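These numbers come from a predicted model, not from an experiment. Atoms considered below: every heavy atom in the structure, side chains included; atoms not considered: hydrogens, waters and symmetry mates.
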Amino acid sequence: MPMVQAELPITAWRGDGHQPSLARLAAERTCAIRFGDIPADVIALAKTHLLDQLGVGLAAASLPRNRPLNVLGGVFGAGGRSTALGLAAPVAASAAALRNGALMHSLEYDGTHTAAVVHAGSVVAPAALALGEDVGASGAELLRAFVLGWEVFVRIGLAAPGTFSRHGFQFTAVGGPFAAA
């Protein structure tokens, strides 16, 4: 069942032979969904999943096997406003998202949608948290981004469940950039 039953605007076709790309249409439809359009039970689940991902990431940050990830704090330059789990100083959003995503996935306890065959939690949570911190997003904006990232990831995964893995690719890595964006 679709999250939102409303007609959402899409890019007008220019009539010059170039239709808008599927990626543009999907992005515009996704961005048109407001926080208030998301059902309360979905928001409640999103809060639980987001806190769970944070807990997994924090636990992973304390493990000696993940110490090599400490270099990711400064790999994108100095400064930043985002939290890299287990590091004291804020870092660039890109560094925080990369480090936190690796940590959140490292224990294999990340949020998963089994029908779509995606580990969406370890992709969407670190991206939403890092960028949300960087731009000073509200809690509602953070939850909206988290929910919409999951929605995009699951829908892409459901379009071809298991197909990527049958060809040697993990869909979390293939579809993750689209969901994170």
Any idea which heavy atoms bring [X] and [Y] closest together, and the distance?
X	Y	result
Ala159	Pro161	C-CD, 3.7 Å
Pro126	Ala97	CB-O, 3.5 Å
Ala116	Phe171	O-CD2, 4.3 Å
Ala93	Ala130	O-CB, 3.3 Å
Ala127	Ala180	CB-CB, 3.9 Å
Ser106	Asn66	OG-ND2, 3.3 Å

Side-chain heavy-atom pair [X], [Y] within 4.5 angstrom cut-off:
X	Y	value
Arg99	Asn70	yes
Leu85	Met104	yes
Arg144	Ile38	yes
Asn100	Gln53	no

[atom1]/[X] to [atom2]/[Y] distance, rounded to the nearest 0.5 angstrom?
X	Y	atom1	atom2	answer
His105	Asp110	NE2	CG	5.5 Å
Gln170	Phe164	CD	CZ	12.0 Å
Ser138	Phe35	OG	CZ	8.0 Å
Ser62	Leu103	OG	CG	9.5 Å

Margin query: Apply the hydrophobic cluster definition, ILVMFWY joined by side-chain contacts under 4.5 Å directly or through others, and give me every member besides Val135.
Written below: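 When side chains under 4.5 Å apart are linked, the cluster holding Val135 also contains Leu131.
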
Note to self: Which residues end up grouped with Tyr109 if you chain together Ile, Leu, Val, Met, Phe, Trp and Tyr wherever their side-chain heavy atoms are less than 4.5 Å apart?
What the structure shows: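 So far as hydrophobic clustering goes, Tyr109 is joined with Val56, Leu63, Leu107.
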
Would a single hydrophobic cluster contain both [Y] and [X], if residues Ile, Leu, Val, Met, Phe, Trp and Tyr are joined by side-chain heavy-atom contacts under 4.5 Å?
X	Y	answer
Phe169	Ile156	yes
Val124	Ile43	yes
Val118	Val174	yes
Leu58	Val123	yes
Phe178	Leu98	yes

Next item on the list: Could you name each residue pair satisfying salt bridge (Lys or Arg N to Asp or Glu O under 4.0 Å) that touches residues 84-97, not counting sequence neighbours?
Entry: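 Applying salt bridge (Lys or Arg N to Asp or Glu O under 4.0 Å) to every pair that reaches into residues 84-97, excluding sequence neighbours, yields nothing.
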
Notebook entry, point to check: Which pairs count as salt bridge (Lys or Arg N to Asp or Glu O under 4.0 Å) when at least one residue sits in residues 64-76, sequence neighbours excluded?
Noted result: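 Checked against salt bridge (Lys or Arg N to Asp or Glu O under 4.0 Å) - neighbours excluded - no pair reaches residues 64-76.
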
Notebook entry, point to check: How would you list, by chain and number, every residue that makes a side-chain contact (heavy atoms from CB on, under 4.5 Å) with Thr112, sequence neighbours excluded?
Noted result: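 Here the qualifying residues are Thr114, His119.
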
Note to self: Restricting to side-chain contact (heavy atoms from CB on, under 4.5 Å), what partner residues turn up for Leu50, sequence neighbours left out?
What the structure shows: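 Once residues adjacent in sequence are excluded, the partners of Leu50 under the side-chain contact (heavy atoms from CB on, under 4.5 Å) criterion are Ala125, Leu129, Leu142, Leu143, Phe146.
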
Item checked: Side-chain donor-acceptor contact under 3.5 Å, Thr83 with Glu133 ->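 The criterion, which ignores hydrogens and geometry beyond distance, is satisfied for Glu133 and Thr83.
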
Note to self: Let's go through His113 and Leu158 carefully: what are the C-alpha distance in whole Å and the side-chain angles of both, what is the deciding distance for side-chain contact (heavy atoms from CB on, under 4.5 Å) to 0.1 Å, and is it a yes or a no?
What the structure shows: CA-CA 10 Å; His113 189 280; Leu158 288 175; 4.2 Å; yes

